[in-house]
Amino acid sequence: MKIKTLVASLIIACGAFTATAQEIAFGAQREGWMRKAEECKPQLKETIVKPKAIVRSVADEAAFQGWRMEQAEPIEALYSSSLKERNTVILDLGDHYTGYFTMKLNHTGMPADAPIRLRLTFGEVPAELNTPFDPYPGGLSRAWLQDEVVQVMRLPEEVKVQRRLACRYVKIEVLATSYFDFRIEDVTFRAITSAHGEAPALAEGTDPMIQKINEIGLKTLAECMQTVYEDGPKRDQRLWIGDLYLEALANAVSYKNHELTKRCLYLLAGMADEEGFLHATVYELPTPMPQINQHTMDYSLLYGVALLEYFKETGDRTTAEELWPVVKYQIDYARTYLKDNIYDVEKQPQYWLVFDWKDDLNRHTPIQGLMTFAIDKSYELATLLGREKEVADWPKLLKDMRKASREAFYDKKRGVMVSGPDSQVSYLSQVWMILSGTLSAKEGARALEYVLSDNSTCYPGSPYAYHYVIEAMMQCGMQERARELLLDYWGGMIKKGADTFWEVYDPNDDKKSPYQFFPINSYCHAWSCTPVYFIYKYPETFQR
Ligand code: RAM
């Protein structure tokens with residue numbers, strides 16, 4: 001099957017539809033879907049940013065990851081002094097930006113008699129500029145780290161970094177030079193985003209920390225809104241279903257750039273595998289292409305929820321109608337994993353269940369809950385489209401799954417859902433059983449209180465997981481708890497200096513990394529922007 005997938009995906013990606021393409025799921029529609037995706041491709045808005053100051057790194061145990069930046073000199077000092085003499089300088093753009101870096105270099109009198117060798121390092125957070133990258137211990141490609149060695153052959157010269165960058169700080173180091181002196185004449189950062197329009201103002205009297213969280217959430221979202229909803233502008237710079245779902249929720253209440261959501265929904269559908277199973281992630285360049293064989297069961301199920309929310313928000317029935325068969329297929333396929341109405345985590349092929357950056361999380365109960373939730377929401381979509389007859393057995397399936405979940409996972413005595421052979425108690429098991437309607441609001445509140453007060457529970461490791469915790473709290477009538485958690489967790493990042501919200505944040509471990517090296521983490525990450533969604537959606541809780 002997988003070789004066939006590759007062939008089908010290449011055919012789809014190249015837009016070359018042949019007899020083979022007709023045999024694949026949605027074969028006749030895909031070309032049109034890809035065209036629609038292309039038509040919705042947004043214009044990127046450019047802003048020219050100039051560095052605001054020269055800063056210096058200060059080692060400080062109390063600072064996030066052990067480093068902070070301190071103002072050193074006004075930016076004018078950079079242009080009027082010798083770079084050769086400085087040897088190393090760090091520039092501060094004043095905020096996080098995504099885009100392209102250029103600087104002009106010139107000699108100060110004596111012409112250049114040899115090339116100059118420079119290292120440029122771009123950092124989203126201070127520690128990125130102060131942690132040696134080599135020997136590289138990380139699990140993802142070293143090439144994601146934003147350092148470049150450039151040779152400047154003649155002066156004057158304009159040094160341009162080809163790759164798109166995401167950073168606030170730029171470190172320039174002189175590695176090799178000769179007799180002549182030289183300086184930087186100009187630095188420009190061409191920042192880009194496709195986010196346009198203004199998010200609504202918050203109610204007067206909104207808590208200042210919530211205002212700040214909203215501002216940083218909006219900034220995070222805008223930085224990730226490029227020609228798709230990217231997961232992170234530093235890394236992986238691509239569309240993932242889980243990130244899209246949360247970004248689209250936040251966008252729908254703020255910028256309302258719905259065309260971008262539509263584009264992403266079509267792109268994913270147009271690049272499903274030949275049987276119709278969605279790839280968890282797709283790239284745009286050089287031409288749209290799925291990450292072959294990268295499937296995650298939780299993300300493909302969430303696709304239908306994202307389409308439902310898009311439809312409710314926009315009323316765009318054509319898109320919802322066209323993509324409905326894709327939603328249905330995800331559920332039909334996931335159903336082949338049910339044994340006695342319980343998701344069989346042993347069944348082959350086993351798919352990655354994302355849920356969180358938390359290795360010790362047992363995902364059995366969470367996937368059972370998420371699948372129930374997705375069927376429920378997809379049934380709502382079917383109903384809105386008047387297609388519930390096609391899925392007439394779903395209501396019974398939902399009932400059976402909830403019943404089976406309670407029998408298999410509910411520890412009635414303690415009032416918590418457990419998961420796996422060791423009966424693990426985690427936040428996410430409670431959360432997904434609440435969102436799926438398996439636990440009532442009252443039972444859910446009890447379960448959440450239990451995990452909140454028990455130190456041995458498996459707690460979330462990422463803003464992605466915390467998003468669902470807050471949603472579950474709201475559903476159980478725990479508004480005050482949800483507000484406290486939002487202030488505490490996202491506010492915690494702000495107190496540690498965040499300009500944009502991070503991919504991973506564990507208040508107990510600043511250097512936590514799913515990739516064995518914290519500088520490769522993304523510090524402007526789509527799935528972390530969702531306080532924006534909560535703050536606008538529930539003003540009575542968050543706008544006071
Ligand atoms: C990483 C990114 C992304 C996430 C996937 C599962 O590459 O952090 O946000 O959706 O993993």
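Hydrogens, waters and symmetry mates are skipped; everything else that's a heavy atom, side chains included, is used.
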Novice: Can you name the ring-ring contact (aromatic ring centres under 6.0 Å, His included) partners of Phe101, sequence neighbours left out?
Specialist: Phe122

Novice: If a pair satisfies side-chain hydrogen bond (donor to acceptor under 3.5 Å, both in side chains) and one of its residues is in residues 198-207, list it, with sequence neighbours excluded.
Specialist: none

Novice: With sequence neighbours left out, what residues match Cys40 under side-chain contact (heavy atoms from CB on, under 4.5 Å)?
Specialist: Glu259, Lys262, Arg263

Novice: According to the salt bridge (Lys or Arg N to Asp or Glu O under 4.0 Å) rule, which pairs have a member within residues 515-544, sequence neighbours left out?
Specialist: Glu480-Arg544

Novice: Taking the six-membered ring of Tyr97 as reference, does the NZ or CZ atom of Lys219 fall below 6.0 Å from its centre and within a 45° cone about the axis?
Specialist: yes

Novice: Taking all non-hydrogen atoms of both residues, which atom of Gln430 and which atom of Ala447 are closest, and how far apart?
Specialist: OE1-CB, 3.4 Å

Novice: I'd like to check the side-chain contact (heavy atoms from CB on, under 4.5 Å) partners of Asp360; sequence neighbours left out, ordered by chain and number.
Specialist: Lys358, Cys458

Novice: Taking ring-ring contact (aromatic ring centres under 6.0 Å, His included) as the definition, give me every residue that meets it alongside Tyr343, ordered by chain and number, with sequence neighbours left out.
Specialist: Tyr337

Novice: Would you please name every residue forming a side-chain contact (heavy atoms from CB on, under 4.5 Å) with Ser423, sequence neighbours left out?
Specialist: Val418

Novice: Taking all atoms of both residues into account, what is the closest heavy-atom pair of Ser194 and Gln226, and its distance?
Specialist: OG-O, 2.7 Å

Novice: Kindly write out the residues that satisfy ring-ring contact (aromatic ring centres under 6.0 Å, His included) with Phe64, not counting sequence neighbours, or none if the list is empty.
Specialist: Trp502

Novice: So Asp454 and Thr457, side-chain hydrogen bond (donor to acceptor under 3.5 Å, both in side chains) or not? Walk me through it.
Specialist: CA-CA 6 Å; Asp454 178 28; Thr457 25; 4.6 Å; no

Novice: Could you tell me which residues satisfy side-chain contact (heavy atoms from CB on, under 4.5 Å) with Asn508, sequence neighbours excluded, listed by chain and number?
Specialist: Tyr459, Asp506

Novice: Evaluate the criterion side-chain hydrogen bond (donor to acceptor under 3.5 Å, both in side chains) for residue pair Gln291 and Thr281; output intermediate values, then yes/no.
Specialist: CA-CA 6 Å; Gln291 187 172 329; Thr281 179; 4.6 Å; no

Novice: Please, which pairs that meet salt bridge (Lys or Arg N to Asp or Glu O under 4.0 Å) have at least one residue in residues 461-474, sequence neighbours excluded?
Specialist: none

Novice: Restricting to ring-ring contact (aromatic ring centres under 6.0 Å, His included), what partner residues turn up for Tyr310, sequence neighbours left out?
Specialist: none

Novice: Step through it carefully: locate the ring centre of Phe409, locate the ring centre of His364, and say whether they are under 6.0 Å apart.
Specialist: yes

Novice: Identify the two heavy atoms, one from Arg402 and one from Ser436, that lie closest to each other, and give their separation to 0.1 Å.
Specialist: NE-O, 2.9 Å

Novice: Can you run down the side-chain hydrogen bond (donor to acceptor under 3.5 Å, both in side chains) pairs that involve residues 509-518, sequence neighbours left out, and say none if there aren't any?
Specialist: Arg235-Tyr515, Lys496-Asp510, Glu503-Tyr515, Ser513-Asn521

